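Note sheet for the following structure.
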Amino acid sequence: MALSELVKAKSPVLLERQYLSSRIEAGALADTAIVAGLNENPGSILVVDIPVQVNSVVMPDNSTLILAAQVTHRASASGHMLIPGSACTILGLGDAGGLNGNASNNSTQWRAVSCVNKANVVLEDFFITNTKSAAAYFEGCTDTRTHKLRISNVVGTGEYAGGIYVTNCIRHKSSYNLIMDVNTNGIKFRADTLGLTYGCSSDHDTIYRAGFIGIANGKCQNHKVTNWYAVDCVDNGADMNGCYDAVFDGGTSLRCQDGMYIGENNIDLCSVRNSAAIDCKRAGIGSMGSLTNCTMLDNFIDRCGSGIYASGYVGLTIRGNIIRNSSKKTYTDNGTGMVKVSTGSGIDIQANLSAAYKTDIISNSFMSNAGYDVHWGVGTVADARMLDNDFVNTFGDGKVYLGSTFTNYQSKDNRGYRNEATIVLNLTGNGTTVVFPVNLPFTAANTNYTVESVVPDWTSTYRVLLVSQTTTGFLLEFGTAPPAGSTRRVVVRVTGLVQA
């Protein structure tokens, strides 16, 4: 309910005018006065209209607290600042209304608002600053809401030192919150097991400089994160793992590690769509394994360390994305602490890490990427399609690298790419054999392709035996045989392929 509606419906009580044992003065410890005011007329409104201190206030059910001045956590407090009951509302009134956790004078990691096993609690339009634990914490709750909070400077350590923390909750709604400079996650939704956090959402939340992830989501079901804006997060802008039927839609991540991350812990039926990643260090979108039936649709990725990387999945559709200006960035991996260099690729299927099954790369646009536009890593790839993509202004490592061992691979109708193939051979030498077969990654429609280059890793001449050129492969003859007992590497680039 809006503040104006609440005031019309109920008679607000001003804290300054509460005469209990004595008049409450500005700066005084006000726990008793606040609780008395909230209990005086059940269902009425208490307005904190002067700056006060509190130790730990337990709000009765169905009470409303309006913050028109700053409430400060007392030094060496013994509990969390505000503990709402069910059907409680905490509203701000003007820029001056809010909570100051007084972190420098509290060694314990107290929360500003702690809500456990409650329902229908609303926090709206006030600031929370200088806390050591979560600014707003919800556990085991139903139908709760955080709206237009302004959270800054959460300075504690560990899991809970973030902005909004939601665990094992049903239908928590987070919207239009501004969160800055927290030591861990800006917002975190999580569950002990899949299904305990269900039907939650984040919409139009803005995160600046999170010490870990902007908006983190773990083991959430029927879950939506929409229209976010995450900037300069140490880890990923928006991140999900272990989720079922979760969606990232319409958000922007700027200068994070990965703009969006989707993967791990048996993630299923999830999607990243209509979102943007700009200047992110490792990738626009990342996925590292244990993923089934997921999609990456209609995203815009610009100036990132790579566009999209993925491995270890069964069913991944990458469709309608614009990926441009990927560059090989030096960055520190937040998970390992190692300094690495990104691939600069448009799409990097990392089959070398884990097998990839059922891949669709369809109707994407690649422009000016420093690595390969599409890089199929050395490893197993089965049931893959690369269809109707646009390759524009390729100047980096190349358009497509086919290093994988393919089963049922299709590539056709790609504009700006006549189905080039970079084929990696590992030849076992016996000291005498000089002729070796080269198999194409798919059956060609004709034999009018060209072997552009052959690069053996030993000193030798070579020639292509043109009479052997078929729709499935050809023979290479080397002037010098690979030494006996050795395994030699040859990189062959073929252009002009048209798939049957």
Side-chain angles (χ1 to χ4, degrees), residues 134 137-142 158-160 162-174 184-202 205 207 210 212-226 228 230 233-249 251 253 256-273 275 277 282-297 299 308-318 333-336 350 353-358:
Y137 178 89
F138 297 84
E139 178 182 350
C141 296
T142 304
E159 169 79 1
Y160 304 113
I164 299 169
Y165 194 98
V166 180
T167 178
N168 299 334
C169 290
I170 305 299
R171 294 184 301 274
H172 179 89
K173 309 298 183 187
S174 172
T184 56
N185 305 298
I187 300 173
K188 183 164 185 176
F189 296 91
R190 51 92 56 202
D192 293 339
T193 58
L194 185 66
L196 292 181
T197 291
Y198 181 96
C200 296
S201 66
S202 163
D205 288 320
I207 317 294
F212 194 51
I213 295 165
I215 303 176
N217 310 271
K219 298 181 182 177
C220 300
Q221 184 172 344
N222 300 100
H223 186 76
K224 292 182 180 180
V225 177
T226 55
W228 76 88
C233 299
V234 172
D235 202 79
N236 306 323
D239 181 295
M240 69 168 82
N241 74 82
C243 295
Y244 175 81
D245 187 25
V247 175
F248 290 161
D249 191 354
S253 296
C256 301
Q257 180 164 270
D258 290 346
M260 292 77 77
Y261 183 86
I262 168 174
E264 302 180 40
N265 297 323
N266 301 311
I267 194 165
D268 185 27
L269 203 65
C270 294
S271 181
V272 180
R273 61 196 187 207
S275 297
R282 184 169 61 187
I285 304 175
S287 179
M288 289 286 285
S290 192
L291 174 152
T292 57
N293 304 313
C294 292
T295 58
M296 302 171 183
L297 307 175
N299 300 290
I308 296 170
Y309 70 86
S311 65
Y313 55 80
V314 180
L316 176 62
T317 297
I318 303 172
D333 188 296
N334 190 53
T336 65
Q350 298 177 330
L353 299 180
S354 186
Y357 298 94
K358 297 182 181 178

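Note that the coordinates shown come from a computational prediction; the quantities given were computed from them, not determined experimentally. The first residue of the sequence shown is numbered 1, and numbering continues consecutively from there.
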> Relative to the ring of Phe138, is the ring of His172 parallel (under 30°), tilted (30 to 60°) or perpendicular (over 60°)?
Replying inline: tilted
> Closest heavy-atom contact between Leu316 and Ala310?
Replying inline: CD2-CB, 3.6 Å
> With no hydrogens and no angle check, is any side-chain donor or acceptor of Ser290 less than 3.5 Å from a backbone partner on Glu264?
Replying inline: no
>> If I take atom CD1 from residue Ile207 and atom CG from residue Asp205, how far apart are they, to the nearest 0.5 angstrom?
In response: 6.0 Å
> Within the side chain of Thr197, is there an N or O that forms a donor-acceptor pair under 3.5 Å with the backbone of Arg190?
Replying inline: yes
> Any donor and acceptor pair, going by atom type alone, linking the side chain of Asn265 with main-chain N or O of Lys219 inside 3.5 Å?
Replying inline: no
> For Asn241, does its backbone N or O pair with a side-chain atom of Tyr261 as donor and acceptor, under 3.5 Å?
Replying inline: no
> For the side chain of Ser275 and the backbone of Gly251, is there at least one donor-acceptor N/O pair under 3.5 Å apart?
Replying inline: yes
>> Please give me the minimum heavy-atom distance between Cys169 and Gly140, naming the atom from each residue.
In response: SG-N, 3.6 Å
> What's the spacing between Thr317 OG1 and Asn293 CG if we round to 0.5 Å?
Replying inline: 8.5 Å
>> With rounding to the nearest 0.5 angstrom, report the CE to CD1 distance, Met240 to Ile215.
In response: 11.0 Å
> So do the side chains of Met288 and Ser311 get within less than 4.5 Å of each other, counting heavy atoms only?
Replying inline: yes
> For atom NZ of Lys358, is the number of surrounding heavy atoms from other residues, nucleotides or ligands below 6.0 Å larger than 12?
Replying inline: no
> Any sub-3.5 Å donor-acceptor pair from Asp258's side-chain atoms to Ala283's backbone N or O?
Replying inline: yes
> Which word best sums up how the rings of Tyr137 and Tyr160 line up, parallel for under 30°, tilted for 30 to 60°, or perpendicular for over 60°?
Replying inline: perpendicular
>> Less than 4.5 Å apart, side chain to side chain, heavy atoms only: is that true for Val234 and Gln257?
In response: no
>> Donor-acceptor check, side chain of Ser174 to backbone of Ser202, threshold 3.5 angstrom: yes or no?
In response: no
> What's the verdict on side-chain contact (heavy atoms from CB on, under 4.5 Å) for Tyr244 and Asn266, showing C-alpha distance, side-chain angles and the deciding distance?
Replying inline: CA-CA 9 Å; Tyr244 175 81; Asn266 301 311; over 6 Å; no
>> If I compare all heavy atoms of Phe212 with all of Cys233, which pair ends up nearest, and what's the gap?
In response: O-CB, 3.7 Å
> Shortest non-hydrogen contact from Gly186 to Ala210?
Replying inline: N-CB, 3.9 Å
>> Could you check whether any side-chain N or O of Thr184 sits under 3.5 Å from a backbone N or O of Gly162, counting only pairs where one atom can act as donor and the other as acceptor?
In response: yes
>> Under a 3.5 Å cutoff, is there a donor and acceptor pairing between the side chains of Ser271 and Thr295?
In response: yes
>> Please find the pair of heavy atoms, one from Gly242 and one from Leu194, that lie closest to each other, and give the distance.
In response: O-CD1, 3.7 Å
>> Checking the side chain of Asp249 only, and the main-chain atoms of Thr226 only, is there a donor and an acceptor separated by less than 3.5 Å?
In response: no
> Of Glu159, Glu139, Lys188, which meets side-chain hydrogen bond (donor to acceptor under 3.5 Å, both in side chains) against Tyr165?
Replying inline: Glu159
>> Could you check whether any side-chain heavy atom of Ile262 comes within less than 4.5 Å of a side-chain heavy atom of Cys294, counting everything from C-beta outward?
In response: yes
> What is the distance from atom OH of Tyr313 to atom CD of Gln350, rounded to the nearest 0.5 Å?
Replying inline: 10.0 Å
> So how far is it from Ser253 OG to Ile285 CD1, rounded to the nearest 0.5 Å?
Replying inline: 9.5 Å
> Quick check: does any side chain N or O of Asn299 sit under 3.5 Å from a backbone N or O of Val272, one acting as donor and the other as acceptor?
Replying inline: yes
> Minimum heavy-atom separation for Ser287 to Gly263, with atom names?
Replying inline: OG-CA, 4.0 Å
>> Once rounded to the nearest 0.5 Å, what's the spacing between atom CD1 of Ile164 and atom CD1 of Ile187?
In response: 4.5 Å
